[in-house]
Amino acid sequence: MDRSVIKLFDANAKDYDRQRRGLIPCFDDFYGMALSLVECGNSTPCILDLGAGTGLFSSMVLLKYPEARLTLMDLSDSMLQEARRRFHGAPNVDYVTGDYSSYPFTQTYDAVVSSLSIHHLSHPEKRQLFATIHRLLNEGGIFVNADQVKGHTDQADVYYRRRWLEEIRASGLPEEAIQASIERRSLDINATAADQMQWMEEAGLEDVDCMYKYLDFAVFYGKKSGRTS
């Protein structure tokens, strides 16, 4: 992952959560759909959050599964410091500062989740990551990715951008926060929804679909098959 991305997120770690709702016009539906898809077969699942940042999505997952064992992974230690403050030393939450696109994982999980992170990877890195996620999942495990996507056409991307700028400016966010988000988004490497679903299927995930989409915000789902008799 581009190191300049880390610097930008380090710089905005303290204000990240406060600004999320203004910068994501579909915040409630976007995260609500993602959370609803995190369905584990037991009350104490092991869950990996890739690009966990301040732990915003993980905090929602923990409300749904309070006895889950959560591992939050992010390149930015400043973001993870905010996550540590959020969870107040909770014994069932672990933190890993590292690059999930190349990290030597040794554990398996009942669910792998991610929100607004994987779009920072190059397309080959995304494809490789999906293969890694399939390997990391236990049989019957699920992958939920709430992320940004590229439009099917260049004209669609122009429209997405215009609508996003209109809506975040109407949200009341200060101009400084808006400009910082614009700078961060200039480094995005979005892929189309169709490409991402194809790469997930090529990685071996099943029941793959885009379960929600609002402009360039989308929620993807995939599952690793369970045992067959």
Side-chain angles (χ1 to χ4, degrees), residues 1-10 12 23-24 26 30-31 33-34 37 48-53 57 72-76 79 96-105 109 111-137 141-165 181-225:
M1 190 181 289
D2 191 332
R3 305 301 293 185
S4 57
V5 173
I6 308 170
K7 293 180 181 179
L8 286 173
F9 279 95
D10 280 347
N12 291 277
L23 293 172
I24 305 171
C26 55
F30 181 65
Y31 279 105
M33 174 58 77
L37 293 170
L48 173 64
D49 187 348
L50 299 175
F57 189 31
L72 280 60
M73 186 171 197
D74 202 278
L75 271 171
S76 170
M79 296 289 270
V96 179
T97 302
D99 185 347
Y100 58 70
S101 67
S102 58
Y103 189 79
F105 294 97
Y109 301 89
V112 175
V113 302
S114 186
S115 61
L116 297 173
S117 179
I118 294 174
H119 66 270
H120 293 303
L121 300 181
S122 69
H123 295 346
E125 287 174 326
K126 291 182 182 76
R127 298 179 75 170
Q128 181 58 50
L129 178 65
F130 294 154
T132 298
I133 289 169
H134 180 266
R135 176 176 60 81
L136 294 178
L137 287 172
I142 60 167
F143 171 47
V144 176
N145 181 29
D147 208 358
Q148 294 169 195
V149 296
K150 179 178 172 58
H152 185 63
T153 65
D154 290 341
Q155 289 79 5
D157 272 334
V158 170
Y159 179 73
Y160 293 165
R161 178 76 166 193
R162 177 172 66 79
R163 282 283 302 272
W164 177 69
L165 287 171
S181 181
I182 291 171
E183 183 180 2
R184 291 195 300 273
R185 292 198 67 171
S186 70
L187 300 175
D188 293 346
I189 312 173
N190 295 345
T192 66
D195 281 345
Q196 294 189 67
M197 287 188 287
Q198 179 181 335
W199 299 336
M200 288 170 66
E201 289 177 337
E202 289 173 351
L205 293 164
E206 300 181 353
D207 299 333
V208 171
D209 207 345
C210 177
M211 298 296 201
Y212 172 84
K213 188 173 182 297
Y214 178 83
L215 302 176
D216 51 351
F217 293 93
V219 179
F220 298 93
Y221 172 90
K223 184 175 183 179
K224 184 171 183 175
S225 64

Just wondering, do C26 and Y212 contact through their side chains at under 4.5 Å, heavy atoms? yes

Rounded distance (nearest 0.5 Å) linking atom CG of L50 with atom CD1 of I133: 5.5 Å

Got a donor-acceptor contact below 3.5 angstrom from the D99 side chain to the S101 backbone? yes

Of the non-hydrogen atoms in A218 and V149, which two are nearest, and what is the gap between them? CB-CG1, 3.7 Å

Under a 3.5 Å cutoff, is there a donor and acceptor pairing between the side chains of E125 and S122? yes

Decide yes or no for Y221 and D209: does some side-chain heavy atom of the first lie under 4.5 Å from some side-chain heavy atom of the second? no

For the backbone of F57 and the side chain of S115, can you confirm whether one donor and one acceptor N or O come within less than 3.5 Å of each other? no

Find out whether V219 and N145 are in side-chain contact, i.e. whether some heavy atom of one side chain is under 4.5 Å from a heavy atom of the other. no

Within a 6.0 Å radius of atom NE2 on H152, are there more than 12 heavy atoms belonging to other residues, nucleotides or ligands? no

Flag the pair F105 / M73 as yes when at least one side-chain heavy-atom distance between them is below 4.5 Å, and no otherwise. yes

Looking at K150, I'd like to know if its NZ atom is crowded, meaning that more than 12 non-hydrogen atoms belonging to other residues, nucleotides or ligands lie closer than 6.0 Å. yes

Should E202 and F130 count as side-chain neighbours, where that means a heavy-atom distance under 4.5 Å? no

Here the gap from F143 atom CZ to M200 atom CE, rounded to the nearest 0.5 Å, amounts to 5.5 Å

Anything under 30° is parallel, anything over 60° is perpendicular, the rest tilted; go ahead and classify F30 against F217. perpendicular

Without hydrogens or angle criteria, can the side chains of S117 and Y100 be said to hold a donor-acceptor pair below 3.5 Å? yes

Flag the pair R185 and D216 as a salt bridge only when some basic side-chain nitrogen lies within less than 4.0 angstrom of an acidic carboxylate oxygen. yes

Kindly say whether D195 contributes a backbone atom to a donor-acceptor pair with the side chain of T192 at under 3.5 angstrom? yes

Could you give the distance from CD (E201) to CD (Q196), rounded to the nearest 0.5 Å? 12.5 Å

Does the side chain of D147 reach to within under 4.5 Å of the side chain of I118, using non-hydrogen atoms? yes

Do the side chains of K224 and E206 get close enough for a salt bridge, i.e. N-O under 4.0 angstrom? no

Between H120 and I189, the two heavy atoms sitting closest are O-CD1, 3.5 Å

Using side chain to side chain contact (heavy atoms under 4.5 Å, CB included), reason through T132 and Y103 one step at a time and then give a plain yes or no. CA-CA 10 Å; T132 298; Y103 189 79; over 6 Å; no

Return the minimal non-hydrogen interatomic distance between C210 and M197, and the atom names on each side. N-SD, 3.4 Å

Kindly write out the residues that satisfy ring-ring contact (aromatic ring centres under 6.0 Å, His included) with W164, not counting sequence neighbours, or none if the list is empty. none

If you compare all heavy atoms of I182 against all heavy atoms of R161, which two are closest, and at what distance to 0.1 Å? CG2-NH2, 3.4 Å

Do you see a donor-acceptor pair shorter than 3.5 Å between the side chains of N190 and H119? no

Do D74 and T97 come close enough that some side-chain heavy atom pair is under 4.5 Å? no

Keeping K213 on the side-chain end and L215 on the backbone end, is there a donor-acceptor pair under 3.5 Å? yes

To the nearest 0.5 Å, what is the distance between CZ (R127) and CG (L121)? 13.5 Å

Taking the side chain as every heavy atom from C-beta outward, state whether V208 and W199 have any atom pair closer than 4.5 Å. no

